[in-house]
Amino acid sequence: MTIVRSPPPHDYAVAVIGGGPAGIAAALAAASCGANVLLIERDARLGGNVSQALVHTICGLYLASANRDAVFAHQGLPRFFAETLMADCSAGEVGWAGDASFLPIDPQEFGNLAEHLCGRSVSIDRWMDASLTGLALAHGDGGMCGIDVERSGGLEAHASAWAVVDATGDATAAALAGVQTEYALPDELQHASYIFRIDGVDGAALDHLERARTSLAVARAARTGKVATTAASIVVRAVSGESVFVTLNLPKPTGRPFDPLDAVAFGHLQDTAARDARQVLAFLLAERGPFRNARPGAWPARVGIRETRRVIGLERLEVADVLEGKRRDDEVCISTWPVELWHSHERVVFRHTAGPSSIPLGCLVADHPGRRLAMAGRCVSASHEALGAIRVIGTSMAMGEAAGVACALAATFRKDLSSIDAAEIRHAIASGATRANL
């Protein structure tokens with residue numbers, strides 16, 4: 001490959017690595033708080049697993065409610081995105097899993113909203129189709145973090161920033177910088193999913209009971225060999241009247257340890273999932289009444305990964321804190337979703353909590369001498385089980401928003417992230433500062 005070198009490094013207050021929900025929120029929040037921001041995304045489109053894996057529910061948006069009252073848990077960017085999608089008819093009715101609620105959304109419209117908001121911000125530069133190749137974190141009171149990227153066409157690009165947010169989901173930035181990470185054992189890692197969309201469905205006939213019957217029918221077909229045995233567990237969910245999303249929860253591969261960061265294993269998992277999903281689609285079109293006149297709608301660009309590496313932070317969120325609903329003075333956002341664990345592809349385990357729990361700033365700051373790397377999304381500092389509650393989209397956006405504010409404040413006052421007062425972060429979010437230019 002011919003390497004074409006770019007101009008000298010660009011200087012930014014904040015660099016955000018990863019353009020999924022957490023990274024989008026971090027970039028928008030930092031920019032709204034006065035920082036000039038570089039947003040680096042490996043794909044051609046923003047949205048992360050929403051755009052690429054067709055994840056179509058925002059969980060962690062609302063407070064738990066035994067009476068099924070959907071009250072927003074976050075007053076910042078998660079709520080802004082949800083209300084905008086609802087106003088544009090790009091979201092369905094709030095759904096419930098026990099006393100926990102979620103918002104079904106159109107993944108494409110989520111990506112469009114992210115593109116629109118980040119694209120019109122004069123304070124955000126976007127490097128798309130860009131792979132992070134190096135990260136040198138600064139030490140001490142002076143100096144900038146150095147960022148190396150390979151862009152499309154083999155173009156090398158370089159930038160510097162006072163603070164960096166790792167929102168890659170896989171702790172890619174932290175690993176490149178030599179920051180310590182942790183990884184659950186292969187048997188503990190949560191199962192992946194594969195989601196596709198079917199259009200032209202008879203929405204009136206596909207009520208809640210019929211969706212449950214459809215899932216059971218596919219499970220029976222898997223047991224009798226009509227479809228692949230790997231399709232034994234599916235979830236059917238409607239977002240609009242004619243479009244339905246089907247989620248296959250995937251078994252782990254046999255004969256080798258499950259490692260979503262292994263490119264060869266990941267490619268095999270994706271190929272197998274696509275094959276099995278097409279069998280399920282054919283079965284639904286032929287056997288289930290509401291799908292008789294339907295047609296394929298959209299296929300994901302990749303498998304949906306629920307868990308990989310996590311960064312070791314100044315603090316680590318433990319599952320007991322989540323289950324007990326522990327609140328702290330240094331919280332920067334909260335967790336409201338149950339502990340959701342897919343240790344089997346055939347069923348999920350929900351452990352409901354005593355109430356909302358704090359996510360402290362220390363869980364969003366890497367344990368590195370410079371204290372210049374923040375994390376948001378599923379690579380934050382948390383135990384394997386605690387991650388089962390906080391990795392969802394609504395909470396990931398809340399963490400990204402808090403990380404973006406922290407980095408903007410650190411850059412403004414030339415401080416490290418551990419020196420930022422959590423109360424200042426909460427005030428910026430509550431006052432609307434993170435949405436000032438939206």
Side-chain angles (χ1 to χ4, degrees), residues 18 20-22 48-49 53 55 59-60 97 100 166-175 179-193 233 249-253 256-262 265-266 269 303-326 328 333-354 356-367 373-396 398-400 403:
N49 268 349
V55 175
C59 302
D166 187 339
T168 62
D170 299 325
T172 303
V179 176
Q180 187 177 2
T181 61
E182 62 178 322
Y183 211 155
L185 295 173
D187 289 345
E188 291 181 325
L189 283 172
Q190 298 213 47
H191 285 251
S193 66
S233 173
N249 291 297
L250 306 177
K252 294 176 182 178
R256 64 189 305 166
F258 179 51
D259 182 359
L261 298 183
D262 180 333
F266 182 83
L269 180 68
V303 163
I305 298 299
R306 291 187 170 105
E307 179 183 11
T308 57
R309 282 180 303 213
R310 289 161 279 130
V311 183
I312 302 296
L314 299 181
E315 296 191 55
R316 186 175 188 257
L317 188 67
E318 302 296 341
V319 70
D321 300 331
V322 177
L323 293 173
E324 294 168 9
K326 183 177 180 179
R328 298 173 41 154
C333 57
I334 59 173
S335 170
T336 62
W337 190 248
V339 176
E340 176 187 341
L341 298 173
W342 286 91
H343 287 163
S344 164
H345 77 285
E346 295 185 343
R347 61 187 177 278
V348 62
V349 173
F350 278 112
R351 300 177 67 186
H352 290 272
T353 70
S357 56
S358 295
I359 301 177
L361 179 60
C363 293
L364 307 185
V365 179
D367 186 10
L373 179 66
M375 309 84 73
R378 70 170 190 253
C379 64
V380 298
S381 184
S383 71
H384 158 69
E385 288 192 316
L387 187 71
I390 65 174
R391 63 173 177 78
V392 294
I393 293 172
T395 314
S396 290
M399 289 188 285

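The main-chain N or O of Leu250 is found under 3.5 Å from a side-chain atom of His191 such that the two form a donor-acceptor pair. No donor-acceptor distance shorter than 3.5 angstrom exists from the side chain of Ser396 to the backbone of Ala22, with no hydrogens or angles considered. Remark: side-chain polar atoms of Ser358 are not paired, donor with acceptor, to backbone N or O of Pro360 under 3.5 angstrom. Under the 3.5 Å distance criterion, the side-chain polar atoms of Lys252 are matched with a main-chain donor or acceptor of Asp187. For Ser381 (side chain) and Glu315 (main-chain N/O), a donor-acceptor pair under 3.5 Å exists by modelled atom type. Within the 3.5 Å criterion, the main-chain N or O of Ala173 finds a donor-acceptor partner in the side chain of Asp166.
Between Leu364 and Val380, the closest heavy-atom pair is CD2-CG1, 3.7 Å. Contact detail for Gly169 and Cys379: the closest heavy-atom pair is O-CB, 3.8 Å. The nearest pair of heavy atoms linking Val303 to Ala192 is CG1-CB, 3.5 Å. Of all heavy-atom pairs spanning Leu189 and Pro260, the tightest one is CD1-CD, 3.8 Å. The shortest heavy-atom contact between Thr395 and Ser335 is CG2-CA, 4.3 Å. The heavy-atom pair separating Met375 from Ala366 by the smallest distance is SD-N, 3.3 Å.
Taking Asp170 as the reference, Thr308, Arg378 meet the side-chain hydrogen bond (donor to acceptor under 3.5 Å, both in side chains) condition, with sequence neighbours excluded.
Rounding to the nearest 0.5 Å places CG of Asp367 at 11.0 Å from CG of Leu373. Atoms CD1 and CD1, from Ile359 and Ile390 in turn, are 5.0 Å apart once rounded to the nearest 0.5 Å. Summarising the geometry, atom CG belonging to Leu269 is positioned 6.0 Å from atom CZ belonging to Phe258; distances are rounded to the nearest 0.5 Å. The structure places CD of Glu385 at 12.0 Å from CG of Leu317, a figure rounded to the nearest 0.5 Å.
Put simply, the residue from Asn49, Asn249, Leu387, Val55 that forms a side chain to side chain contact (heavy atoms under 4.5 Å, CB included) with Arg306 is Asn249. Shown are Glu188, Glu307, Arg310; of these, the side-chain hydrogen bond (donor to acceptor under 3.5 Å, both in side chains) with His384 is made only by Glu307.
Using a 4.5 Å heavy-atom threshold, the side chains of Ser357 and Asp321 count as separate. Under the 4.5 Å side-chain criterion, counting only non-hydrogen atoms from C-beta, Arg347 is not in contact with Ser233.
Heavy atoms of other residues, nucleotides or ligands lying less than 6.0 angstrom from CD of Gln180 number 12 at most.
Taking the charged nitrogens against the carboxylate oxygens, Asp262 and Arg256 do have a contact shorter than 4.0 Å, which makes a salt bridge.
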